[in-house]
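The block underneath contains the structure these notes are about, expressed in structure tokens.
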Amino acid sequence: MEISFAMKAQVPADVLVQELQGESVLLNVQNGRYFGLDEVGTRMWAALTTAESLQAARDALLAEYDVDAERLEQDLRGLVEKLVEHGLVEVRGG
């Protein structure tokens with residue numbers, strides 16, 4: 001699946017998220033797959049799952065972190081691809 005920044009990320013109903021001390025564990029209870037996120041990954045997750053689009057999440061993170069835009073886009077796209085692969089997020093639209 002080609003990920004477009006016009007898409008919106010949504011958390012499937014069968015995914016549980018537990019945050020502890022700034023880090024998170026995501027668990028898909030249907031397939032048993034889980035994924036751990038460090039502090040930056042947790043912030044990326046929050047931006048992805050609350051923004052109107054991946055582009056809006058990218059813009060918010062770019063304003064928050066001192067990072068090259070191209071590097072942020074690569075990292076964000078890579079995270080979304082892994083989360084989709086594990087059934088931990090769905091992307092729609094775009």
Side-chain angles (χ1 to χ4, degrees):
M1 164 187 262
E2 181 68 26
I3 304 294
S4 161
F5 276 79
M7 295 176 147
K8 177 173 176 50
Q10 296 178 314
V11 182
D14 52 358
V15 172
L16 301 176
V17 181
Q18 181 65 50
E19 186 176 336
L20 181 62
Q21 297 177 347
E23 297 185 352
S24 296
V25 175
L26 316 174
L27 171 65
N28 183 316
V29 295
Q30 188 174 30
N31 64 21
R33 295 223 174 159
Y34 66 93
F35 202 80
L37 298 172
D38 63 12
E39 287 184 32
V40 174
T42 295
R43 178 62 192 111
M44 291 172 82
W45 166 265
L48 286 169
T49 57
T50 59
E52 290 299 315
S53 66
L54 301 183
Q55 182 68 41
R58 173 235 181 243
D59 293 347
L61 292 165
L62 192 59
E64 194 172 323
Y65 290 98
D66 181 23
V67 62
D68 177 69
E70 188 174 314
R71 175 61 190 257
L72 176 61
E73 290 170 13
Q74 290 173 348
D75 291 349
L76 203 54
R77 187 180 309 276
L79 177 62
V80 171
E81 288 172 351
K82 286 179 185 176
L83 293 172
V84 167
E85 178 184 330
H86 290 283
L88 297 167
V89 76
E90 297 171 346
V91 287
R92 301 188 189 285

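Because the structure is predicted, anything quoted here is derived from the model rather than measured.
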Over all heavy atoms of both residues, which pair between Met44 and Leu79 is shortest? Give the atoms and the distance, please. CB-CD2, 3.8 Å
Gap separating the OG atom of Ser4 from the CZ atom of Arg77, nearest 0.5 angstrom: 7.5 Å
Distance from Lys82 atom NZ to Leu26 atom CG, nearest 0.5 Å? 13.0 Å
Charged N-O contact under 4.0 Å between Glu73 and Arg71: no
Might you confirm whether atom CD of Gln10 has over 12 heavy atoms from other residues, nucleotides or ligands at distances under 6.0 Å? yes
Do Val89 and Leu48 come within less than 4.5 Å of each other through their side chains, counting heavy atoms only? no
Provide the closest heavy-atom pair for Ala6 versus Ser53 in the form atom of the first, atom of the second, distance. O-CB, 3.9 Å
Any side-chain heavy-atom pair from Val25 and Val17 closer than 4.5 angstrom? no
Heavy-atom count check: over 12 atoms from other residues, nucleotides or ligands less than 6.0 Å from Gln21 CD? no
Taking all atoms of both residues into account, what is the closest heavy-atom pair of Lys8 and Ala51, and its distance? NZ-O, 3.0 Å
Answer yes if Tyr65 and Leu54 sit in the same cluster of Ile, Leu, Val, Met, Phe, Trp and Tyr residues linked by side chain heavy atoms under 4.5 Å apart, and no otherwise. yes
So how far is it from Asp68 CG to Gln74 CD, rounded to the nearest 0.5 Å? 8.5 Å
Could you pull out the closest heavy-atom pair between Leu62 and Val67, with the gap in Å? CD1-O, 3.4 Å
Taking side chain to side chain contact (heavy atoms under 4.5 Å, CB included) as the criterion, tell me which of Leu16, Leu27, Val15 meets it with Leu88. Val15
In this structure, CD of Glu64 is separated from CG of Leu72 (nearest 0.5 Å) by 10.5 Å
Does any part of the side chain of Asn28, heavy atoms only, come nearer than 4.5 Å to the side chain of Phe35, both counted from C-beta? no
Assess whether atom OH of Tyr34 is packed by more than 12 heavy atoms of other residues, nucleotides or ligands within 6.0 Å. no
Derivation and outcome, side-chain contact (heavy atoms from CB on, under 4.5 Å), residues Val40 and Trp45: CA-CA 9 Å; Val40 174; Trp45 166 265; over 6 Å; no
Nearest heavy-atom contact between Ala47 and Ala57 is O-CB, 3.5 Å
Flag side-chain contact, heavy atom, 4.5 Å: Glu23 against Leu37: no
What's the shortest heavy-atom distance between Met7 and Glu2, and which atoms? CE-O, 3.7 Å
